[in-house]
Protein chains: 2
Amino acid sequence: MVTKQLAGSPDEADVRRADSLAREIFSDLANKWALLIIEALGESTLRFGELRDEVEGISHKMLTQNLRMLERNGLIERTVHPVVPPRVEYTLTEPGQALRVTIDGLCDWTHRYLGHIETSRHRFDD
Amino acid sequence: MVTKQLAGSPDEADVRRADSLAREIFSDLANKWALLIIEALGESTLRFGELRDEVEGISHKMLTQNLRMLERNGLIERTVHPVVPPRVEYTLTEPGQALRVTIDGLCDWTHRYLGHIETSRHRFDD
DNA sequence: CCGAATCCTCTCTGATACTG
DNA sequence: CAGTATCAGAGAGGATTCGG
């Protein structure tokens, strides 16, 4: 897939655009709440209130904000049931599920090195 | 290692402490710059200036701040060579390397679903 | 070259109140 | 119940400067 390039060729610009997009996505997702929401959703379908109970410490506002962002990026699906009282459910899409798997890896890592980190902190805090 | 527990036993407190510690570590690491620094280090040893060139867009201050945090958590090792001009080198420790592998997974995910995400965004932005 | 401290700006975050 | 708007306080992040 390596093609010969001229100076200032369009494909170079494409690569730069893809890179900046990747960076943008990275910035979106590399935040505490987004990752915790994805973990909380897991394989289940949850309502707004259920999610707020599940993700400990998140505010109403942050939850809304992050849910919008995740929906925009196609990681979660939002279905509104036109009933009263309103019922809105969230579930992970296939890309979202794929991401959750890698986040699981992060959680595993955290638990495996928990002790390691704690002792390292104590040594550092002198 | 599973021991019998009484109600309100000390181990329950331990579990809560470990959970809050895990949450804290999660908050530390779930940020753009920390992940990009770890990726930049990879298997190599880099100086402060080299790292700043490698991690595009990071400021002097943010780099310092995150390097301290990563060092405190035992993810990177900092070696000072007492010469003039000063020479300070950073390298990933074993836990850091392990974390890098899971971050690689995140990068793979980003590139795999790049198109997916871009179209989802366009659909959302109406 | 590397790091710490200062200042200044701007975004994020939480609390509250209001609509459908 | 779910979502939006607004406001004030806290905190992140950038630029700069000085010291080792």
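Proteins come first, then strands; the chains are lettered A, B, ... in the order of their sequence lines, and each starts at number 1.
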Exactly one of Glu39(B), Glu94(B), Glu43(B) clears salt bridge (Lys or Arg N to Asp or Glu O under 4.0 Å) with Arg100(B), and that residue is Glu43(B)
task: Search all heavy atoms of Ala40(A) against all heavy atoms of Val55(A) and return the closest pair with its distance.
output: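 Nearest pair, atom of Ala40(A) first, then Val55(A): CB-CG2, 3.7 Å.
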In whole Å, I'd like the distance from the [atom1] atom of [X] to the [atom2] atom of [N].
{"X": "Asp53(A)", "N": "dA2(D)", "atom1": "CG", "atom2": "C1'", "answer": "14 Å"}
{"X": "Leu63(A)", "N": "dC12(C)", "atom1": "CG", "atom2": "P", "answer": "17 Å"}
{"X": "Leu46(B)", "N": "dC2(C)", "atom1": "CG", "atom2": "C1'", "answer": "15 Å"}
{"X": "Ile58(A)", "N": "dA2(D)", "atom1": "CD1", "atom2": "P", "answer": "14 Å"}
{"X": "Gln65(A)", "N": "dA2(D)", "atom1": "CD", "atom2": "C1'", "answer": "16 Å"}
{"X": "Leu51(B)", "N": "dG3(C)", "atom1": "CG", "atom2": "C1'", "answer": "15 Å"}
{"X": "Met62(A)", "N": "dC12(C)", "atom1": "CE", "atom2": "C1'", "answer": "6 Å"}
{"X": "Leu67(A)", "N": "dT4(D)", "atom1": "CG", "atom2": "P", "answer": "11 Å"}

Choosing from [options], which nucleotide comes nearest the side chain of [X]?
{"X": "Thr64(A)", "options": "dT4(D), dC7(D), dA2(D)", "answer": "dT4(D)"}
{"X": "Lys61(A)", "options": "dG3(D), dG3(C), dT13(C)", "answer": "dT13(C)"}
{"X": "Arg78(B)", "options": "dG3(C), dG14(D), dG14(C)", "answer": "dG3(C)"}

- Is Tyr90(B) near enough to dC2(C) that one of its side-chain N or O atoms lies under 4.0 angstrom from OP1 or OP2? no
Indicate whether OP1 or OP2 belonging to dC1(D) is found under 4.0 Å from a side-chain N or O atom of Arg47(A).
no
Q. With a cut-off of 6.0 Å (strictly less than), are more than 12 heavy atoms of other residues, nucleotides or ligands near CD of Glu77(A)?
A.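 Open.
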Mind checking [X] for me? I need base, sugar-phosphate or nothing, with any heavy atom below 4.0 Å counting as a touch.
{"X": "Arg52(A)", "answer": "nothing"}
{"X": "Arg68(B)", "answer": "sugar-phosphate"}
{"X": "Arg87(A)", "answer": "nothing"}

Subject >> No-H, no-angle donor-acceptor pair, His60(B) side chain to dG3(C) base, under 3.5 Å >> reply: yes
